[in-house]
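To keep things clear, I will list the structure first and then write my remarks on it.
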Amino acid sequence: MKYSEDSAAEVDMNVIMNKKGEFIEVQGTGEESTFTRTELNGLLDLAEASIKRIINLQDKVIEQENLKIFLATGNKHKIEEISDIFSDIENVEILSIKDGVEIPEVIEDGTTFEENSKKKAVEIAKFLNMITIADDSGLCVDALNGEPGVYSARYSGTGDDLKNNEKLIENLKGLENRKAKFVSVITLAKPNGETFSFEGEILGEIVDNPRGNTGFGYDPHFYVEEYQKTLAELPELKNKISHRAKALEKLKKELKNILL
């Protein structure tokens with residue numbers, strides 16, 4: 001409604017509804033005169049019809065335009081993996097530092113995967129004013145009380161995959177229990193600070209000798225009993241069964257509702 005129409009109205013009515021047709025807020029004021037229950041019902045019917053038209057228009061815009069989502073990671077392997085998993089979603093374009101977007105470094109000082117994932121997503125979403133997805137993931141080994149956990153990428157203090165794996169195998173010497181799991185928490189953040197987090201995990205065990213030449217991180221030492229192979233030996237399956245894939249699938253199922 002135009003300001004001239006709004007200021008001249010005898011009754012002012014503000015209505016907020018969700019896509020299910022449920023009322024979130026109803027506020028009516030008799031600015032110049034009182035109004036009857038019948039007139040109130042008429043105003044609500046008019047508001048409901050108008051809101052439905054607006055929602056339908058929003059849906060059409062979302063369907064027609066590519067929604068840009070930024071992937072907040074500097075890890076090229078994660079960029080490739082997550083982009084591949086999202087490749088079958090229509091009208092969504094995944095951007096990353098590979099597209100020339102510069103982002104500030106975010107200090108991952110959380111004690112859980114979710115804390116780190118949320119922090120990265122929120123800070124980058126606000127910086128870029130763009131919906132952002134961040135992942136924090138790692139390896140948790142039972143016999144090492146959950147280590148390396150949130151320190152997985154820098155377990156050896158160097159950030160080098162080979163050295164991280166060497167330290168892992170060294171710390172497991174003489175220990176029979178090799179059970180472990182990969183955990184991933186994916187967070188989608190909006191520029192207003194709203195967040196949605198999803199967790200995925202895959203169970204396995206650690207083998208001393210690396211197997212396979214694909215994947216990254218601890219993949220060559222992470223043995224998946226169901227397939228009798230390490231993740232590094234499962235290039236065709238990894239993006240369907242991994243911890244990150246499971247978390248992203250949960251996000252994908254909720255994506256449309258989140259974006260409304």
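We're numbering straight along the sequence, starting at 1. Bear in mind that the values here come from a model prediction, so they are computed numbers and not experimental data.
- Of the possible polar contacts, none joining the Asn18 side chain to the Ile24 backbone as a donor-acceptor pair under 3.5 Å is found.
- With a 4.5 Å cut-off on side-chain heavy atoms, Leu44 and Val15 count as touching.
- Checking side-chain atoms of Ser117 against main-chain N and O of Phe113 turns up no donor-acceptor pair under 3.5 Å.
- Here the side chains of Phe35 and Leu40 are in contact, with some heavy-atom distance below 4.5 Å.
- Phe198 and Ile69 fall within a single hydrophobic cluster, where Ile, Leu, Val, Met, Phe, Trp and Tyr are joined by side-chain heavy atoms under 4.5 Å apart, directly or via other members.
- Sorted by first and then second residue, the pairs that involve residues 196-205 and meet side chain to side chain donor-acceptor pair (under 3.5 Å), not counting sequence neighbours, are Thr187-Ser197.
- Residues Gly193 and Val122 approach most closely at O-CG2, 4.3 Å, considering heavy atoms.
- Cluster membership for Leu128 and Ile186, using ILVMFWY side-chain heavy atoms within less than 4.5 angstrom, is shared.
- The distance from atom CG of Asp160 to atom CD of Glu166, rounded to the nearest 0.5 Å, is 8.0 Å.
- Looking at every heavy atom in both residues, Met130 comes nearest to Lys68 through CG-O, 3.8 Å.
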Donor-acceptor pairs under 3.5 angstrom involving side-chain atoms of residues 104-112: please list them, not counting sequence neighbours.
unit_1 : atom_1 : unit_2 : atom_2 : d
Asp109 : OD1    : Lys119 : NZ     : 2.9
Asp109 : OD2    : Lys119 : NZ     : 3.3
Thr111 : OG1    : Glu115 : OE1    : 3.3
Thr112 : OG1    : Glu115 : N      : 3.1

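- If you check the side chains of Asp12 and Thr29, you find no donor sitting under 3.5 Å from an acceptor.
- The neighbour count for Gln228 CD, taken as heavy atoms of other residues, nucleotides or ligands under 6.0 Å away, is above 12.
- Checked by atom type and distance alone, the side chain of Asn116 never pairs as donor or acceptor with a backbone atom of Asp136 at under 3.5 Å.
- A donor-acceptor pair is defined here as one N or O able to donate and one able to accept, closer than 3.5 Å; such a pair exists between the side chain of Asn165 and the backbone of Asp161.
- Tracing side-chain contacts under 4.5 Å through hydrophobic residues (I, L, V, M, F, W, Y), one reaches Val185 starting from Tyr151; they form part of the same cluster.
- There is no side-chain donor-acceptor pair under 3.5 Å between Glu233 and Tyr227.
- Formation of a donor-acceptor pair under 3.5 Å by the Lys181 side chain with backbone atoms of His243 is not found in this model.
- Side chains of Thr214 and Leu231 form no contact here, defined as non-hydrogen atoms less than 4.5 Å apart.
- For the pair Ile206 and Leu139, the minimum side-chain heavy-atom distance is below 4.5 Å.
- Side chain of Asn192 to backbone of Glu194: a donor-acceptor contact under 3.5 angstrom is found.
- Between Val183 and Ile202 the shortest side-chain heavy-atom distance does not fall below 4.5 Å.
- Heavy atoms only, all atoms of each residue included: Leu175 and Ala143 are closest at CD1-CB, 4.0 Å.
- Atom NZ of Lys76 is separated from atom OG of Ser83 by 14.0 Å, given to the nearest 0.5 angstrom.
- No chain of hydrophobic side-chain contacts below 4.5 Å, direct or via other Ile, Leu, Val, Met, Phe, Trp or Tyr residues, connects Leu168 to Phe216.
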Point to revise | Worked check of salt bridge (charged side-chain N to carboxylate O under 4.0 Å, His left out) between Glu114 and Lys118 | key: CA-CA 6 Å; Glu114 185 170 356; Lys118 280 186 176 180; 3.2 Å; yes

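- By the 4.5 Å heavy-atom criterion applied to side chains, Leu188 and Thr132 are not counted as neighbours.
- Lys78 and Glu81 are not joined by a salt bridge, as no carboxylate oxygen comes within less than 4.0 angstrom of a charged side-chain nitrogen.
- Between the side chain of Ser156 and the main chain of Lys167, no donor-acceptor pair closer than 3.5 Å is present.
- Clustering ILVMFWY residues whenever any of their side-chain heavy atoms sit less than 4.5 angstrom apart, transitively, puts Ile94 in the very cluster that holds Phe127.
- Checked for salt-bridge contact, Lys52 and Glu48 meet the test: a charged N lies under 4.0 Å from a carboxylate O.
- Contact annotation: the side chain of Phe86 approaches that of Lys252 to within less than 4.5 Å [non-hydrogen atoms, C-beta and beyond].
- A side-chain donor-acceptor contact under 3.5 Å links Tyr218 to the backbone of Ser152.
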Point to revise | Evaluation steps, salt bridge (charged side-chain N to carboxylate O under 4.0 Å, His left out), between Asp142 and Arg178 | key: CA-CA 7 Å; Asp142 288 4; Arg178 295 301 182 94; over 6 Å; no

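- Atom NZ of Lys250 and atom CG of Leu255 lie 16.0 Å apart (nearest 0.5 Å).
- Taking the side chain to side chain donor-acceptor pair (under 3.5 Å) definition, one finds that Tyr155 meets it with Glu147, Asn171, sequence neighbours left out.
- Ala121 and Ala134 get closest at one heavy-atom pair: N-CB, 3.5 Å.
- Closest heavy-atom contact between Lys120 and Asp135: NZ-O, 2.6 Å.
- Between the CZ atom of Arg211 and the CG atom of Leu234 there is a distance of 9.5 Å, given to the nearest 0.5 Å.
- Side-chain contact annotation: Ser137 with Arg244, donor-acceptor N/O pair under 3.5 Å present.
- Put simply, the side chain of Glu254 never gets that close to the backbone of Leu251: no donor and acceptor are under 3.5 Å apart.
- A salt bridge between Lys246 and Glu249 is absent, with no side-chain N of the basic residue lying under 4.0 Å from a carboxylate O of the acidic one.
- Side chains of Thr38 and Thr36: no donor on one and acceptor on the other come within 3.5 Å.
- With values rounded to the nearest 0.5 angstrom, Ile82 atom CD1 is found 13.0 Å from His77 atom NE2.
- Closest of all the heavy-atom pairs between Val207 and Thr230 is CG2-CG2, 4.2 Å.
- Contact of the Cys140 side chain with the Phe182 side chain is not registered, since no non-hydrogen atoms from C-beta on lie closer than 4.5 Å.
- A donor-acceptor pair is defined here as one N or O able to donate and one able to accept, closer than 3.5 Å; such a pair exists between the side chain of His221 and the backbone of Asp208.
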